[in-house]
Amino acid sequence: MRIITLNANGIRSAARKGFFDWLKQQDADVVCIQETKAQEHQLGDETFWPQGYFTYYHDAEKKGYSGVALFCRSEPDRIITGLGSEEFDQEGRYIEAQFGKLSVISLYLPSGSSSEERQAAKFRFMDLFLDHMRALRRKRREYIVCGDWNIAHKPIDLKNWKSNQKNSGFLPEERAWLDTLFDELGWVDAFRVVNTEPDQYTWWSNRGQAWAKNVGWRLDYQVVSPGLRDKIRSASIYTEQRFSDHAPLSMDYDLPFPPDL
DNA sequence: CGTAATACG
């Protein structure tokens with residue numbers, strides 16, 4: 001089973017840069033997109049409903065903002081949109097597809113980099129989402145939570161960790177939140193199970209020479225329930241592609257699709 | 001600086 005996640009920074013922009021042509025060659029079972037920055041009525045072109053996939057969008061109410069999507073090679077038993085939050089469900093940040101006992105989720109955690117107000121919103125979402133992840137752990141299901149988590153976990157996960165300790169995305173509170181998720185709740189950062197190398201980034205600033213100098217951050221994760229830990233086979237970050245300021249993260253699991261859990 | 005709309009990341 002192959003799962004791909006990408007923050008598209010505009011699904012229409014990514015399409016113009018060849019994302020859907022690339023995707024055809026990837027043999028993905030589920031594709032998780034964040035920052036579609038479009039509403040469904042703007043995505044009439046068949047490009048945005050790829051052949052061979054069941055496609056689901058969860059848009060923000062605000063035009064050109066946020067939004068997540070799922071492309072699924074087999075039809076899910078159920079789709080869940082949103083977390084039951086008045087504040088965040090209108091921002092299009094969560095969509096879950098259920099296939100038997102497996103759920104695959106596309107998540108877009110708020111960025112806090114634009115203002116203190118947005119950082120406060122990010123912390124509110126983190127509170128809400130940690131409770132959600134606690135609730136998921138009590139279910140008799142397995143989960144793959146894909147997306148842009150907007151937090152680098154450890155110094156190995158960004159180039160300039162020393163100078164970024166006061167910046168959104170590498171704040172001590174944000175890092176501790178991921179510690180809680182992984183160490184206390186038992187969720188697994190699947191990429192790090194199969195790749196412990198430095199310089200494995202999924203996002204680069206558009207400013208300066210960040211891309212050319214590989215001054216990046218690892219913000220995009222596939223976070224899996226503990227029962228899937230020994231099913232994680234391999235991970236690839238497609239840094240050659242420039243569909244977005246993020247790179248696609250593709251992971252292979254030792255499971256058929258649809259899963260036989 | 002890029003995407004998409006005059007804000008947000």
**Prompt:** Which nucleotide sits closest to the side chain of A:Lys17: B:dT3, B:dC8, B:dA4?
**Reply:** B:dT3
**Complete:** Nearest-nucleotide check on DNA chain B, A:Asn7 vs A:Phe243; residue mapping nearer the 5' end is A:Phe243
**Request:** Rounded off to whole Å, could you give me the CD-to-P distance for the A:Glu117 and B:dC8 pair?
**Result:** 10 Å
**Item:** Atom-to-atom span, CD of A:Gln39 to P of B:dA5 - whole angstrom
**Value:** 8 Å
**Prompt:** For DNA chain B, what residues of residues 57-65 of chain A have any heavy atom nearer than 4.0 Å?
**Reply:** A:Lys62, A:Lys63, A:Gly64, A:Tyr65
**Asked** Can you tell me if A:Asn7 and A:Glu35 form a side-chain donor-acceptor pair at under 3.5 Å?
**Response** yes
**Message:** So A:Arg242, base contact, sugar-phosphate only, or nothing? Heavy-atom distance under 4.0 Å.
**Reply:** nothing
**Item:** Residues A:Asp127, A:Lys122: salt bridge by 4.0 Å N-O rule
**Value:** no
**Asked** Is the phosphate of B:dG2, meaning OP1 or OP2, less than 4.0 Å from a side-chain N or O of A:Arg12?
**Response** no
**Asked** Which nucleotide in the set B:dA5, B:dA4, B:dC1 lies at the smallest distance from any side-chain heavy atom of A:Gln42?
**Response** B:dA5
**Asked** OP1 or OP2 of B:dG9 sitting under 4.0 Å from any side-chain N/O of A:Ser113?
**Response** no
**Message:** Rounding to an integer number of Å, can you tell me how far A:Gln209 CD sits from B:dC1 C1'?
**Reply:** 12 Å
**Request:** Specify the separation, in whole Å, of atom CZ of A:Phe19 and atom C1' of B:dT3.
**Result:** 16 Å
**Message:** Nearest whole Å is fine: how far is B:dC1 C1' from A:Asp245 CG?
**Reply:** 10 Å
**Prompt:** Taking the side chain as C-beta and beyond, is there a heavy-atom pair between A:Tyr143 and A:Val223 under 4.5 Å?
**Reply:** no
**Request:** Answer yes when A:Arg12 and A:Asp45 have at least one side-chain N-carboxylate O distance shorter than 4.0 Å, and no when they do not.
**Result:** no
**Asked** Between B:dT3, B:dC1, B:dC8, which nucleotide gets closest to the side-chain atoms of A:Arg207?
**Response** B:dC1
**Prompt:** Does any N or O in the side chain of A:Arg118 come within less than 3.5 Å of the main-chain N or O of A:Ala121, such that one atom is a donor and the other an acceptor?
**Reply:** no
**Prompt:** How about A:Ser106 and A:Thr5: do any of their side-chain heavy atoms sit closer than 4.5 Å?
**Reply:** no
**Complete:** Rounded to whole Å, NE2 of A:His246 lies from C1' of B:dT3 at a distance of 12 Å
**Asked** Within this structure, what is the OH-to-P distance between A:Tyr108 and B:dG9, rounded to whole angstrom?
**Response** 5 Å
**Asked** Do the side chain of A:Trp217 and the main chain of A:Tyr201 share a donor and acceptor less than 3.5 angstrom apart?
**Response** no
**Message:** Without decimals, in angstroms, what is the distance between A:Ile11 CD1 and B:dA5 P?
**Reply:** 14 Å
